[in-house]
Asks: 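Below you will find the structure I want to go over with you.
Note that the structure is a prediction, hence the values are computed from the model and not measured. Nothing fancy with the numbering, it's 1 onward along the sequence.
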Amino acid sequence: MEANPPPQVTVHPPGPDGARQVTAGDRRLGVAHRIEDLVKALRHVGLDDIEIEETDLIDWRGGGPESWDAL
């Protein structure tokens, strides 16, 4: 039996307070205010052992892993 591929996760651009929506497809995983929040959200989809800054599984929009400032 073939394993399901991991989902593509999108980290959306920071909002006015610096928080970023996190989704996997059309499933909302939550809001991240910092990288630690993103790690928690990724655990919900089985991605607890990835290098956040280096993986191709995360589509960073509006800035990369260092962008958590308010707009």
Asks: Could you work out, with side chain to side chain contact (heavy atoms under 4.5 Å, CB included) as the rule, every residue matching T55, not counting sequence neighbours?
Replies: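 Only I50, L57, I58 meet the side chain to side chain contact (heavy atoms under 4.5 Å, CB included) criterion with T55.
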Asks: H12: what forms a side chain to side chain contact (heavy atoms under 4.5 Å, CB included) with it, not counting sequence neighbours?
Replies: T10, Q21, T23, R61
Asks: Once salt bridge (charged side-chain N to carboxylate O under 4.0 Å, His left out) is applied, what residue pairs with a partner in residues 40-54 remain, sequence neighbours excluded?
Replies: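 Not a single pair qualifies under salt bridge (charged side-chain N to carboxylate O under 4.0 Å, His left out).
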Asks: What pair of heavy atoms forms the shortest contact from V11 to R20, and how long is it?
Replies: CG1-NE, 3.5 Å
Asks: So, for V31 and D37, which heavy atoms are closest and what is the spacing to 0.1 Å?
Replies: O-CB, 4.2 Å
Asks: Hey, are the side chains of V9 and D59 touching, using non-hydrogen atoms and a 4.5 Å cut-off?
Replies: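 In short, these two side chains do not touch, never coming nearer than 4.5 Å.
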Asks: Which atom pair, heavy atoms only, marks the closest approach of P14 to G62?
Replies: CD-O, 3.5 Å
Asks: Output all residues satisfying side chain to side chain contact (heavy atoms under 4.5 Å, CB included) with A41, sequence neighbours left out; order by chain, then residue number.
Replies: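 For A41, the residues satisfying side chain to side chain contact (heavy atoms under 4.5 Å, CB included) (neighbours in sequence not counted) are V22, L29.
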Asks: Check whether any side-chain heavy atom of W68 lies under 4.5 Å from a side-chain heavy atom of H33, and answer yes or no.
Replies: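 They are not in contact (no side-chain heavy atoms under 4.5 Å apart), so the answer is no.
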